[in-house]
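Below you'll find the structure, written out as structure tokens, and then a few comments.
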2 protein chains.
Amino acid sequence: MNDPQTEPQPQPKPQGRTAAVGRPARADAVRNRERIVAAAREAFAEAGPEASLNEIARRAGVGPGTLYRNFSGRPELLAAVLKDRVDTLCARARDLLSADSAGDGLAEWLRAFLDHARVNQGLGGALMLEQLEATGALGTDCHQRILDAVTALLARAQDAGAARRDLAPADLLQLVVGIALSTTHKQASPDDPEQAKRLLGLVLDATKAR
Amino acid sequence: MNDPQTEPQPQPKPQGRTAAVGRPARADAVRNRERIVAAAREAFAEAGPEASLNEIARRAGVGPGTLYRNFSGRPELLAAVLKDRVDTLCARARDLLSADSAGDGLAEWLRAFLDHARVNQGLGGALMLEQLEATGALGTDCHQRILDAVTALLARAQDAGAARRDLAPADLLQLVVGIALSTTHKQASPDDPEQAKRLLGLVLDATKAR
DNA sequence: TGTACATCAGTGAACGCGCGTTCACTGATGTAC
DNA sequence: TGTACATCAGTGAACGCGCGTTCACTGATGTAC
């Protein structure tokens with residue numbers, strides 16, 4: 001009777017996502033999941049990674065319960081939004097690894113990374129690097145993939161003599177994340193939209209071999 | 001009867017701080033104000049600038065009403081905490097303006113600024129630069145004073161040929177704020193406590209005249 | 001110095017709010033015949 | 001192809017929580033005599 005195997009479990013806990021096996025996902029379920037991710041992307045972009053989950057559900061036109069059926073909570077939702085972004089960046093890195101100039105390839109990718117990181121108020125920055133790690137595989141994976149990308153591009157630039165040897169990939173990444181964070185405030189400062197680019201230029205200068 | 005001048009106003013609104021004229025501030029009022037600022041300093045350092053105001057009042061051993069009697073709200077409280085910090089930084093800048101090496105003076109001050117900005121999770125960074133501006137004189141003043149400090153130090157370094165001429169003081173400041181922000185996460189990353197210093201070193205390299 | 005009193009700072013329960021999250025119920029969907 | 005049915009995704013009111021903020025009341029403090 002106390003055998004935990006046979007105790008009636010209140011819910012099999014779908015653990016978000018679609019069922020691993022059995023019936024294929026229902027059409028409306030797939031549609032709603034996509035709408036939630038799209039709404040989350042917008043909301044995170046506007047209000048930052050702290051955007052209200054209820055608000056995201058509202059935007060997606062679903063009840064809050066539906067959001068929770070698909071995602072265990074905020075971290076998983078953030079990870080889902082991030083995944084596309086990281087996929088794109090990794091693909092870009094792969095392309096740029098065969099760029100004519102190793103230095104330009106690195107610079108170009110960092111520009112792309114900065115653009116992505118600035119959208120969503122540092123979501124693609126701080127969160128990718130730190131916060132999601134606590135949530136397990138999803139976050140760590142994003143972090144690692146980005147780090148791998150910059151590591152490969154930097155190593156190539158270093159081998160080509162286009163970047164100083166005493167520069168750690170993680171440091172370079174962190175600097176660019178810093179630019180993203182410091183130039184993306186709650187209300188986008190209309191003062192100087194070119195500032196981020198200038199700052200990245202300075203950092204790129206600093207990476208050059210002396 | 002409708003003359004707004006003679007309408008009974010529910011409260012003269014002390015507008016925080018001590019009364020401008022009339023009786024001197026009461027002893028316990030002065031004490032409490034200091035305790036609130038001290039509690040706020042701690043709380044902001046631990047939980048960031050979003051720290052709960054009720055929690056701050058609790059720490060200070062006063063009721064939430066007392067906090068509001070002394071400060072109109074969060075921005076004013078942040079500004080009060082910031083003021084000491086900014087005073088210190090400005091004094092340091094004044095000293096360093098007569099340092100032997102103009103370049104070293106600038107570098108030294110940026111190190112101090114980074115230290116201060118990292119405490120309180122970017123309180124001394126992002127907030128000083130942006131958020132408080134909306135609150136009027138207090139925030140703008142802090143921002144301006146810091147900007148004045150770095151402007152003077154940078155100009156001197158440029159005149160001495162120790163810093164490139166095409167560098168705006170605001171950009172330099174923003175870069176360092178970025179380092180502060182990206183290296184100060186919610187839970188301080190114990191991974192690499194030296195990272196911030198290394199990143200600042202890179203930025204300092206980038207400021208050198210070519 | 002001692003005392004009566006007016007002032008005004010402090011108190012803290014209470015309010016309204018939006019948040020994250022749950023769960024009993026509804027009903028759309030896909031399946032089996 | 002048409003229909004009956006089982007499954008399970010969706011719903012959304014409701015909950016508990018901590019937040020920022022208020023305000024009627026209390027009482028410590030400084031002043032005047």
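FYI, side chains are in, hydrogens and waters are out, and symmetry mates aren't considered; it's all heavy atoms of this structure. Chain A is the first sequence line, chain B the second, and so forth, proteins listed ahead of strands; every chain is numbered from 1.
Taking a pair to require two hydrogen-bonding distances under 3.5 Å in either a Watson-Crick or a G-U wobble arrangement, D:dG27 pairs with C:dC8. Of all nucleotides present, only C:dG16 satisfies the Watson-Crick or G-U wobble test against D:dC19, with each distance under 3.5 Å. With a 3.5 Å ceiling on both atom-pair distances, the Watson-Crick or G-U wobble partner of C:dG2 is D:dC33.
With rounding to whole Å, A:L67 atom CG is found 11 Å from D:dT11 atom P. Atom CG in A:L77 sits roughly 11 Å away from atom P in C:dT21 (whole-Å rounding). Atom CD of B:E55 and atom P of D:dG18 are 11 Å apart (whole Å). Atom CZ in A:F71 sits about 15 Å away from atom P in C:dG20, given to the nearest Å. When the P atom of C:dA9 is taken as reference, atom CD1 of B:I36 falls 12 Å away, rounded to whole Å. Here C:dG12 presents its C1' atom at 14 Å from CZ of B:R69, a figure rounded to the nearest Å. Atom CG in B:N32 sits roughly 13 Å away from atom C1' in C:dC8 (whole-Å rounding). Atom CD of A:E50 and atom C1' of C:dG18 are 14 Å apart (whole Å).
The nucleotide whose nearest atom lies closest to any side-chain atom of B:N54 is, among C:dA28, C:dT22, D:dG20, D:dG20. With distances taken from any side-chain atom of A:A29 to the nucleotides C:dT22, D:dA9, D:dG30, the minimum falls on D:dA9. The side chain of A:R58 lies closest to C:dC19, out of C:dC19, C:dG20, D:dA13. Of the candidate nucleotides C:dG30, D:dT29, D:dG20, D:dT29 has the atom lying nearest to any side-chain atom of B:R26. Relative to the side chain of B:A27, the nucleotides C:dT21, C:dC8, D:dT29 differ in distance, and D:dT29 lies closest. Nearest to the side chain of B:Y68, among C:dG10, C:dG20, D:dT21, sits D:dT21. The side chain of B:S52 approaches D:dC19 more closely than any other nucleotide in the set C:dT29, C:dG20, D:dC19. Checking D:dT21, D:dG10, D:dT29 against the side-chain heavy atoms of B:D28 singles out D:dT29 as nearest. The side chain of B:P64 approaches C:dA13 more closely than any other nucleotide in the set C:dG20, C:dA13, C:dG30. Candidate nucleotides D:dG10, C:dG20, D:dT11 were compared by shortest atom distance to the side chain of A:V62, and D:dT11 ranks first.
Under the 4.0 Å criterion applied to side-chain N and carboxylate O atoms, B:R198 and B:E194 are not assigned as salt-bridge partners. At a threshold of 4.0 Å, the pair B:R111-B:D115 does not count as salt-bridged, since none of the basic side-chain nitrogens sits closer than that to a carboxylate oxygen. For the pair A:E50 and A:R74, the salt-bridge criterion is not met [side-chain N within less than 4.0 Å of a carboxylate O].
Under a 3.5 Å cut-off, the side chain of A:Q158 and the backbone N or O of A:R164 do form a donor-acceptor pair. A donor-acceptor pair is defined here as one N or O able to donate and one able to accept, closer than 3.5 Å; no such pair exists between the side chain of B:Q174 and the backbone of A:L199.
Side-chain atoms of B:R118 and B:T183 form a donor-acceptor pair, as typed in the model, at a separation below 3.5 Å.
DNA chain D is contacted by both B:L53 and A:G61; A:G61 maps to the nucleotide lying nearer its 5′ end (nearest heavy atom per residue).
Contact annotation for A:T66: base contact, defined as any heavy-atom pair under 4.0 Å involving a base atom.
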